[in-house]
Amino acid sequence: MACYNPGCLGNYDFDQIAFFARKRFIEGCQTVTLLEQARSQREREEIALVCMLDIADDQVRDLQLSCRHSEHCKVTTCRSQLKKMIAAELALQ
């Protein structure tokens, strides 16, 4: 499922991000290992979105994005979408 937030120029594939979230949080794969295995800049960005889930909500709000989409998207937008997807997937298991 792609991100349909009209302000998000990344249009990230949240199914792919959920794949990395499963690897990180269910299989226990370390973020550094995932980044080492990334095949593209896009995958590194998707893994970075996943690793932000380790940061407390109140701290995330203060983060300043430094990606190419930072003028059009907030860090909390992708984070909220990803949390919903992970919760829904875990509920099915």
**Student:** So, for Leu35 and Ile47, which heavy atoms are closest and what is the spacing to 0.1 Å?
**Tutor:** CD2-CG2, 3.7 Å

**Student:** Does any part of the side chain of Phe20, heavy atoms only, come nearer than 4.5 Å to the side chain of Glu43, both counted from C-beta?
**Tutor:** yes

**Student:** For residues 25-32, run the donor-acceptor check on the side chains, cut-off 3.5 Å, and write out each pair with its distance to 0.1 Å, sequence neighbours left out.
**Tutor:**
unit_1: Glu27; atom_1: OE1; unit_2: Lys23; atom_2: NZ; d: 3.3
unit_1: Thr31; atom_1: OG1; unit_2: Arg24; atom_2: NE; d: 3.2

